[in-house]
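Have a look at the structure below before the remarks.
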Amino acid sequence: VLGEEHKKTLDSLNNMGALLRQLEDHEGALDYYQQARRVQEKVMGKSHPDTLGTIMNMANTYAILKDFAKAEEMYRQAL
């Protein structure tokens, strides 16, 4: 209803990622975070706080998965 680029839609994608991470479905969480990030970068830009928050969520998820190289890469992108 609101559309793919609406802030509430993007927040919902990020929230779904957070829920799945809590449920230990880390790959599913990353899928939702990536969907949100793709549109956030397009609509809001790479340095918008919401985009950076999504990148941090992705980094935290990679750290949980012990993919520390990918986590570090994502943390550096959020700097």
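Just so it is clear, the structure is predicted and the values come from calculations on it, not from any experiment.
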Is the backbone N or O of Y32 less than 3.5 Å from a side-chain atom of R37, with the two atoms forming a donor-acceptor pair by type?
no
Name of the residue among E41, K46, H48 meeting side-chain contact (heavy atoms from CB on, under 4.5 Å) with M44:
H48
Residue pair K42 / E5, side-chain heavy-atom distance below 4.5 Å:
yes
Which pair of heavy atoms, one from G17 and one from A29, lies closest together, and at what distance?
O-CB, 3.2 Å
Report yes if some heavy atom in the side chain of Y33 is under 4.5 Å from a heavy atom in the side chain of M16; otherwise report no.
no
Got a second to check how far N14's CG is from T51's OG1, nearest 0.5 Å?
10.0 Å
Is there a donor-acceptor pair closer than 3.5 Å between any side-chain N or O of T9 and the backbone N or O of G3?
yes
Would you name the heavy atoms of L13 and Q35 that are closest together and state the gap between them?
CD2-OE1, 3.8 Å
Scanning both residues in full, the closest heavy-atom pair of L65 with H26 reads CD2-CB, 3.6 Å
For the student: nearest non-hydrogen atoms of A63 and A71, plus distance
N-CB, 3.7 Å
Check side chain to side chain donor-acceptor pair (under 3.5 Å) between K7 and all other residues, then give those that pass, not counting sequence neighbours.
D11, D50
List in chain and number order the residues that pass side chain to side chain donor-acceptor pair (under 3.5 Å) with Q34, two or more places apart in sequence or in another chain; answer none if no residue qualifies.
none
Run the numbers on R76 and E73 for salt bridge (charged side-chain N to carboxylate O under 4.0 Å, His left out), then give the verdict.
CA-CA 5 Å; R76 288 183 185 280; E73 175 188 334; over 6 Å; no
Under the criterion side-chain contact (heavy atoms from CB on, under 4.5 Å), which of D67, I55, N60 is the partner of M74?
I55
Within-4.5 Å side-chain heavy-atom neighbours: Q77 and Y75
no
Test item: T61 and E27 side chains (from C-beta on) under 4.5 Å apart, heavy atoms
no
Is there a chain of hydrophobic side chains (I, L, V, M, F, W, Y, each step under 4.5 Å between heavy atoms) that links M56 to M58?
no
Taking atom types as modelled, is there a side-chain donor on T54 or Q40 under 3.5 Å from an acceptor on the other?
yes
Which distance, rounded to the nearest 0.5 Å, do you find between the NZ of K8 and the CG of N15?
12.0 Å
